[in-house]
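Throughout, a chain's letter reflects where its sequence line sits, starting with A, and its residues are numbered from 1. Values below: every heavy atom of this structure, side chains too, minus hydrogens, waters and symmetry copies. Bear in mind that the values here come from a model prediction, so they are computed numbers and not experimental data.
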Amino acid sequence: MFSMDLLLGAIVLGVLLGCFYAAVSVGLSVSFGLLDVPHVAHPAFLVVASYGVFFLNDRYDIDPLLAGLMITPLFFLVGLVAYRIYYETFERRGSDAAVRGIAFFFGVAFIIEVLIILQFGVDQRSVTASYIGKAWQFGEMRIPIRQLVAFAVALGLTILLAVYLSRTFTGRAIRAVAQDEEALRLMGANPVRIKQFAFGIATAVLGIAGALLIVVAPVEPTLDRAYIGRTFCVVVMAGLGSITGTLAAAIILGVAETVVLTVFGASWAPAVSFAMLLGVLAVRPQGLFGR
Amino acid sequence: MTTRRDSMVFWLGVIVFLAAVAAMTQIVRNEYPFFAGYVILQFIALAVAWSILGGYAGYVNFGTNAFFGVGVYTAVALFKAFGAPLAVQIAAAAVVGMLLGLALGLLTLRMRGIFFSIATIALAIIIETSVMNWRFVGGAAGIQLQRPAVMPPFDSYVKMLCFVQALLVVIAVGTARYIQNSRIGRGLQALRDDELAAECTGVPTLRLKLLACVISGALISAAGAPAAMYLQYADPSSAFNLNYSVSVLAMSLIGGTAHWIGPVLGAIVLGVTQQLLAVTISSEVNVLVLGIMLVLFVVGAPKGIIGLLLPRYRLRAGGKP
Amino acid sequence: MKRRTFLGGAVAVAALGRTSSAMAQQTPIRIGMSMAQTGGLAGGGKAALLGIEVWRDDVNAKGGLLGRKVELVVYDDKSSASETPAIYAKLVDVDKVDLLFAPYATVPTAPIMPFVKQRGLLLMGNFSFQVNSKVGHDMWFNNAPWGPADSWASSFLDLGQKAGGKTMALLSADQEFAQNLALTARDVAKQRNIPVIFDQTYPPNTVEFSSIIRALKAAKPDMVYIASYPPDSAGILRAVNEIGIGDGVRIFGGGMVGLQFAAVMSNLGSLLNGVVNYNTWLPEPSMYFDGTKTFFETYTKRAVEAKVDPLGYYLAPFGYAMGQMVEAAVNATRSLDHKGLAKYLRENEHKTIVGLIAFAADGERKESGTLQAQFRGVVDKDVEQFRVSGKQVILFPEKLKTGDLISPFEAARK
């Protein structure tokens, strides 16, 4: 039993949820979508960022989003280093890189999980901020401000990245290296440096995304496992290489989940989103907006 | 090409192995080695089965946990509905695994590389969600089962399960070996090295891929079926645990995917390590060890243990007993 | 120092020395168990284990059991059912422990029930739910205060109906414990002719509950029974605070796991107000028995160091109680024979730091000791406030009651 009103509300909440998914996936859209790095440790880095934000919020009372911005430069550096290691170990050596890369990142993700447990313990952590726990009355609907924050951040990140990649020189170089590395090399640019920079950006974005993660829901050390499926699902469904596509695909996913939840019941929501992914891949293997 | 002598050596080894396991069940009083042994044998069977698709064909299946869980729940459903004996549970699980593999293959016919892997994750989640909502087998609440009495010559059910799992290992290894040495194996290898080129030279890539999915799936589900009786309990979060997918991937990579002996070695090394850690250090350090082993092997030994031990395998993949 | 005191002290030290050396000479009594140190149940597992360890240290300080030191043999079961058969086989066949404690929670415990029954071994349960109902082991004793399976839903619905509630909404997680609670809730509702006008389950890893709560609110129920796990419990309460649940709701909560853990409570803060939820132990005057206060003093100090739940109300004292019951049984029967211990445990009432415990034939408590309490006057960002009585007013059971339900739910939230 549902009414038009409820359905409309579900769609609105679905869009907001989708934006949250987009925010946590957009980094992967760069590292995996553009650079072909099978970065299954992306959610693990995300969780680390969340814990970093938690630490700053808990100890020094810093607003979570601000804390996220603060750790962004640190994550950028981590990204640079991480890519260097990945490149030296895998891309250089050639064949079988994909499978071994996946295994490598799984190993890294596990190590990160344990390090978090050793430092923070296994209990779940959350942050406090003025906008958590309040809602905005919009006609008949009450929209949690958390979700609106997610919406704003996701939109902001996507626009920022999309503009960066299409307007700035380095951005376009990143695009170029994704399309044709050889050609770029022939033109005198160093593709490895560019890829390294791109990975750094992708990791830096995780700083803010991590803040968003802990604002929306509590985090615990093994949370990354739940997000591997989701983030790759979003990026793959969008089509590799499309940043704006990531936002669109994420919103479609979010809306599908909430509508199914409202009409059929929450139990089937994840099945539906992943069935959609399978459908898209079967019909259009390069994704909805892929190159 | 396999020579007659190589085959004889292999099958002799199989007989010795099975005889040793059987002898142990009669001689050893202590039950613990059989519990631990069951888990290790199970992982050997899973890793070898996974490797048929993931190693030979190069299609990385992340949904091992789905096939495993399907095997467990097929056994549960048949046992609860008809009190089906273990052999029937395993056979039925193999059939269901086969069908699931077929479905997976058909769905992902045109998908390659990482897209295939993502599709397997999606399929795994869909299946887990479906089982969670299946009230007959307990759904998310879990279900407790009562084992039937054990048949002689075994005096304990776990010993029998251990022997059954040893048989499944033999079946899996035998199948993998057969594929490796046959035209199928060479076709899969061509597919893995360069799918486009293989198609151009007339290799029936789609059919081979389907075959690999079906066989791999059937074996994984069959290896999962006895778990229902081993635990006498099933619940979706345990049966569909992501740990199965990751461990099996790790074992195959650590062992090396070029030859069927690779996953066997990898499963033994990682499986024994995990069992030992579980009863010694026993804490979050276990996960750390798994992570470090993964990173070290993947970085330092790209072709796995077999790459380290037998240099010749660095040059030639496949094609030996 | 005065001579008399010095002499007295010297005699005491000599005596103690003799006892400890006597203890040191004999082989220790080993209690084997697996406990979740990693995985979803780790938060609870670690706290429970610490409670048991405090008991072990207390009993060893008193001279051990039967003059022998008590040792714990603990393995990590990773919150998984697949690990425990091998672990308990090792404990029994290789380590040859003297006594067995069960793992924390139902999922890791279920697979070993047939094993202990077949071998005729005593098993002290640790917060499982109805894990013995099918197996029927006669040497199983669960330390959880649950009692009969339907006591949860009955007590909650009793309170709701008294406040005028006629319809029920049920929201449960797709996980073992929550589903079992939901099953009993549906049964009790049917018996009392309470229509369940909203009945949904949600998958694990659900991040956002706004839509679910909206749908629940639209159904306009009087009583809302939630069976959830720690991450979701927090998410649900947040959503309820943001979306609202409707003015008609008389009572909200029931089976939300996680609202007993310090980390969750301190983080949710004032969002908890008005929620009626189950608990096992609370710092209310009626809940203090012999030794309870000292236990918590010891526990809190060690918990903070070990990065474990600093309040430890939910599980730790019951771990201690497990030890106390075993201690009483061993001392009374002067042996480690499992059958004899089981007989003693079955036939007697046991005094523990969580009160008197008596067992029914199925190994669960004769009477339910599960508390239903309402959060009142909770403020944000303060763990220590929960150590003071009055923040969680006990509404059930009658003999431990410290207050009355404030209804409707929206009013209680102020």
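Interface remark: B:Thr108 contributes no atoms to any contact with chain A (heavy atom separation under 4.5 Å). For a residue to count as touching a neighbouring chain, one of its non-hydrogen atoms must lie under 4.5 Å from one of that chain's; by this rule A:Ile117 touches chain B with the side chain only. Contacts of B:Leu107 with chain A are made by both backbone and side-chain atoms, with heavy-atom separations under 4.5 Å. Interface remark: B:Val246 contributes side-chain atoms only to the contact with chain A (heavy atom separation under 4.5 Å). Heavy-atom distances place the side chain of A:Leu118, and not its backbone, under 4.5 Å from chain B. Proximity to chain A (any heavy atom under 4.5 Å) is shown, for B:Ile292, by both the backbone and the side chain. Heavy-atom distances place both the backbone and the side chain of B:Ala119 under 4.5 Å from chain A.
How far CE of B:Met132 is from CH2 of A:Trp268: 9.5 Å, rounded to the nearest 0.5 Å. To the nearest 0.5 Å, atom CD1 of residue A:Ile102 and atom CG of residue B:Leu253 are 9.0 Å apart.
Within a 6.0 Å sphere centred on CZ of B:Phe136, heavy atoms belonging to other residues, nucleotides or ligands number more than 12. Atom CZ of A:Arg284 has more than 12 neighbouring heavy atoms from other residues, nucleotides or ligands inside a 6.0 Å radius.
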With side-chain contact (heavy atoms from CB on, under 4.5 Å) as the criterion, how do A:Leu240 and B:Phe115 come out once you've worked through the C-alpha distance, each side chain's angles and the decisive distance to 0.1 Å? CA-CA 10 Å; A:Leu240 302 185; B:Phe115 290 92; 3.7 Å; yes
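Two residues are said to be in side-chain contact when any heavy atoms from C-beta on lie closer than 4.5 Å; B:Ile121 and A:Leu277 fail this criterion. With contacts defined as side-chain heavy-atom distances shorter than 4.5 Å, the pair B:Ile118/A:Phe274 does not qualify.
Across all their heavy atoms, A:Ala271 and B:Ile126 have their closest contact at O-CG1, 3.6 Å. Counting all heavy atoms, side chain and backbone alike, B:Leu288 lies closest to A:Val114 at N-CG2, 3.5 Å. Here the closest heavy-atom approach between residue A:Gly107 and residue B:Leu294 is recorded as N-CD1, 3.7 Å.
You'll find the ring centres of B:Phe62 and A:Phe106 inside the 6.0 Å limit.
Your options are B:Val60, B:Val287, B:Asn133, B:Thr129, and the one with the most heavy-atom pairs under 4.5 Å with chain A is B:Asn133. Ranked by heavy-atom pairs under 4.5 Å with chain A, the list B:Ala250, B:Gly58, B:Ser130 is led by B:Ser130. Note: A:Ser267 leads A:Ser267, A:Gly229, A:Pro270, A:Ala109 in heavy-atom pairs under 4.5 Å with chain B.
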